[in-house]
Amino acid sequence: METVLAPLVGILVAASVYLMLARNLIRFLFGLVLLSNAANLTIFIAGGLTPAMPPLVPEGLARPAEVVANALPQALVLTAIVIGFGLLAFALVLVYRGYRVLGTLDSDAMRFAEPDEIAPDTSRSEGRVP
Amino acid sequence: MSWLLSLPIVLPFAMAILAFLFRANGRSGRWLSIGGSVLLLAAAVGLMIAVLQRGVIAAQMGGWPAPFGITLVADLLSAVMVVITAIIGLAVAIYALADIDARREALGYHVLFQVLLAGVSGAFLTGDLFNLYVWFEVMLIASFGLLVLGGDKEQLDGGIKYVALNLVSTAMFLSGIGMLYGLTGTLNMADLHLAVRDVENTGLLTVIAVLFIVAFGVKAAVFPLFFWLPASYHTPPVAISAIFAGLLTKVGVYALIRMFTMVFTQDIGYTHGLLLAIAVLTMITGVLGAAAQNEFRKILSFHIVSQIGYMVLGLALYTPLALVGAVFYLVHHIIVKANLFLVSGIAKRLTGSFNLAAVGGLYKSSPLLAVLFLVPAFSLAGFPPLSGFWAKFLLVKASLDIGAYLVAGTALLVGILTVFSMTKIWAEVFWKPHPEDVAPALRLVERGNLTALLVPVTGLAVMTVMIGFFPEPFIGFAERAAAQLLDPTGYVTAVLGASP
């Protein structure tokens with residue numbers, strides 16, 4: 001199973017890097033989604049994939065009756081998925097708001113916080129699109 | 001013990017909930033914010049006293065025994081970072097009375113501010129790597145909110161870059177955690193300290209270490225990864241800039257120090273050598289970037305980058321004295337840098353701009369503000385007898401001791417270039433006459449606002465001077481903290497019990 005999933009992580013990371021190198025912020029966001037999924041898969045694989053029973057303790061026993069799967073990586077991945085989902089939702093809304101207010105999705109054109117000119121007479125409050 | 005450790009996290013969260021419930025009620029949020037910060041400070045001081053008396057203290061959350069549950073730990077470094085967080089939180093909460101407009105308050109400024117403090121305290125106190133990730137996220141999401149709160153064009157622009165690069169770093173951090181867990185089977189930091197000794201595949205461990213350098217390096221804004229910082233820190237209101245400048249990057253530095261004294265010490269030649277190169281390049285690029293800027297807060301932002309280099313340098317040299325310097329530098333820098341941002345806000349209020357060319361005349365019209373700028377500015381540059389002098393002195397001495405003359409020379413040169421930047425601000429903002437011939441005096445600010453602006457600035461300046469004139473107890477403290485870092489036996493025993 002690892003031999004299938006490990007290259008998959010590699011492919012996901014490669015695709016996400018390709019997407020994140022784009023100037024278009026929507027592509028960047030898609031890259032981010034892939035990257036966070038790749039990270040989640042990494043935890044999952046690194047935790048060790050074994051065909052085992054779910055970690056349930058039968059009634060009346062103090063410990064599981066047979067060898068069970070390690071539940072911790074799954075718990076970690078679950079937490080990471082939830083947090084990642086929240087962050088990505090925020091990022092998506094932010095980019096959308098940025099598109100509405102700044103009028104562009106091209107990261108090269110976003111020069112409002114850092115105007116091109118270094119000349120001291122630039123007025124900070126009025127950014128411009130080159 | 002566990003309440004003492006969880007208070008600095010629980011208190012701000014409670015305040016955040018209260019502030020959220022009362023957010024429609026005009027001004028009550030600001031008093032909740034100040035009250036919460038005072039309580040946080042009290043809790044932090046209580047924690048500090050306990051740590052000073054009893055050594056490292058640890059508590060298992062939920063009662064699960066150590067390597068399995070989530071552990072909160074406070075050694076001297078954690079405790080002092082929590083205290084300094086509370087101090088800066090209080091200073092900024094007071095300053096915000098005059099700086100944050102009603103619109104941003106109604107949007108939930110106080111809620112996010114308290115959540116940010118909770119996230120930062122949590123990151124300093126946790127003894128579990130995955131829990132550290134969670135606190136990083138709490139801190140990040142609060143900082144995202146604060147950064148874009150209000151939705152100005154510059155804020156959104158800076159915010160997008162800040163969010164994007166920090167999310168990439170988060171993914172790296174998460175992958176690093178996953179691989180480290182796969183290799184060692186534990187994520188408890190004290191347990192990791194023991195478990196990495198048994199790892200046979202040390203090469204893989206070094207790869208993971210580098211992954212952590214990249215992840216924390218983005219948060220700490222070190223050399224090739226700092227671009228988000230000068231792109232965003234000058235865009236939000238000054239109070240928000242100041243708390244970011246004081247605390248956020250330092251959480252990254254703290255995490256680096258923690259991981260690279262506690263866990264990744266098996267191949268110091270490589271990892272700490274890499275950190276040394278990063279530190280030197282960070283110092284130089286930061287200070288050169290600052291020299292090219294003509295906006296008050298952008299200059300200060302680039303200086304954050306440059307100063308981060310000094311702290312990483314202390315870690316990278318990895319001698320007892322260098323770590324003393326790093327701890328001392330952390331504390332000194334947080335106070336000074338937050339203060340400089342607060343001063344920049346007052347200067348903007350008086351003169352109408354952050355642009356150095358459009359302002360001036362403050363020395364003549366507001367000499368008090370000039371003094372309040374000079375104290376942190378000279379401290380930042382490392383003038384004796386202010387706190388920055390001792391911080392730099394310790395680091396330069398540490399690098400000379402091990403014969404790293406190039407590093408020592410760079411540290412001194414960067415200090416001189418810092419003076420250049422501070423002199424530039426001094427000459428433009430304070431010395432030269434105002435281009436439009438207005439005389440911006442402090443008394444022109446409404447009295448209530450003036451108090452709210454000057455009290456935190458003066459308080460932080462007094463602390464800088466105090467540390468400068470009486471460095472002995474602070475250096476003594478930093479020595480004890482560094483000794484705990486270099487020999488984590490006490491930490492491990494406190495977390496895991498006396499067995500190993």
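Not measured: the values here are computed from a predicted model. So that the names make sense, note that chain A is the first sequence line, chain B the second, and so on, each numbered from 1.
B:His303 and B:Ser421 are linked by a side-chain donor-acceptor pair at a separation below 3.5 angstrom, with hydrogens and angles left out of the test. No hydrogens or angles considered: nothing links the side chains of B:Thr235 and B:Lys153 as a donor-acceptor pair under 3.5 Å.
Less than 6.0 angstrom separates the ring centroid of B:Phe216 from the ring centroid of B:Phe136.
Heavy-atom pairs under 4.5 Å with chain A were tallied for B:Leu183, B:Leu167, B:Thr170, B:Val138; the largest tally goes to B:Leu167. The choice from B:Gly159, B:Gly145, B:Ala164 that makes the most heavy-atom pairs within less than 4.5 Å of chain A is B:Ala164. Contact count versus chain B (heavy atoms, under 4.5 Å) is highest, among A:Leu25, A:Leu72, A:Leu41, for A:Leu72. Comparing A:Leu94, A:Thr42, A:Ile45, A:Val95 by how many heavy-atom pairs each has under 4.5 Å with chain B, the most go to A:Leu94. Counting heavy-atom pairs closer than 4.5 Å to chain A, the top residue among B:Ser232, B:Gly158, B:Gly176, B:Ala231 is B:Ala231.
A 6.0 Å sphere centred on CZ of B:Phe20 holds no more than 12 heavy atoms belonging to other residues, nucleotides or ligands. By the neighbour-count criterion of 12 heavy atoms within 6.0 Å, atom CZ of A:Phe44 is sparsely surrounded, having that number or fewer from other residues, nucleotides or ligands.
Using cut-offs of 30° and 60° on the angle between ring planes, the pair B:Trp228 and B:Tyr162 is perpendicular.
Two residues are said to be in side-chain contact when any heavy atoms from C-beta on lie closer than 4.5 Å; B:Met179 and A:Ile43 fail this criterion. Between A:Pro73 and B:Tyr181 there is a side-chain heavy-atom pair separated by less than 4.5 Å. Side chains of B:Pro237 and B:Gln155 form a contact here, defined as non-hydrogen atoms less than 4.5 Å apart.
If you measure heavy-atom distances from A:Asn37 to chain B, you find no contacts under 4.5 Å at all. For a residue to count as touching a neighbouring chain, one of its non-hydrogen atoms must lie under 4.5 Å from one of that chain's; by this rule B:Tyr133 touches chain A with the side chain only. Proximity to chain A is limited to the side chain of B:Phe130, based on heavy atoms less than 4.5 angstrom apart. Residue B:Val168 touches chain A through both its backbone and its side chain, counting heavy-atom pairs closer than 4.5 Å. In this structure, no portion of A:Leu29 lies under 4.5 Å from any heavy atom of chain B. In this structure, chain A has no heavy atom under 4.5 Å from any part of B:Leu180.
The shortest heavy-atom contact between B:Tyr233 and B:Ser241 is O-OG, 2.6 Å.
In this structure, the salt bridge (Lys or Arg N to Asp or Glu O under 4.0 Å) partners of B:Asp157, at least two apart in sequence or on a different chain, are B:Lys161.
Judged by distance alone, with hydrogens and angles left aside, the side-chain atoms of B:Lys298 form no donor-acceptor pair with the main-chain N or O of B:Pro230 at under 3.5 Å.
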> Can you list the steps and then say if B:Lys432 with B:Glu428 is a salt bridge (charged side-chain N to carboxylate O under 4.0 Å, His left out)?
Replying inline: CA-CA 6 Å; B:Lys432 79 163 195 269; B:Glu428 296 282 338; 2.9 Å; yes

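Evaluation of the salt bridge (Lys or Arg N to Asp or Glu O under 4.0 Å) test over residues 13-28 of chain A, restricted to residues two or more places apart or in two chains, returns A:Arg23-A:Asp108.
The stretch residues 7-17 of chain A places none of its residues near chain B, where near means some heavy atom under 4.5 Å from a heavy atom of that chain. Near-neighbour residues of residues 76-83 of chain A relative to chain B, defined by a heavy atom under 4.5 Å from a heavy atom of that chain, comprise A:Leu76, A:Thr79, A:Ala80, A:Ile83.
The pair B:Asp152-B:Arg104 meets the salt-bridge criterion, with a side-chain N (NZ, NE, NH1 or NH2) lying under 4.0 Å from an Asp/Glu carboxylate O.
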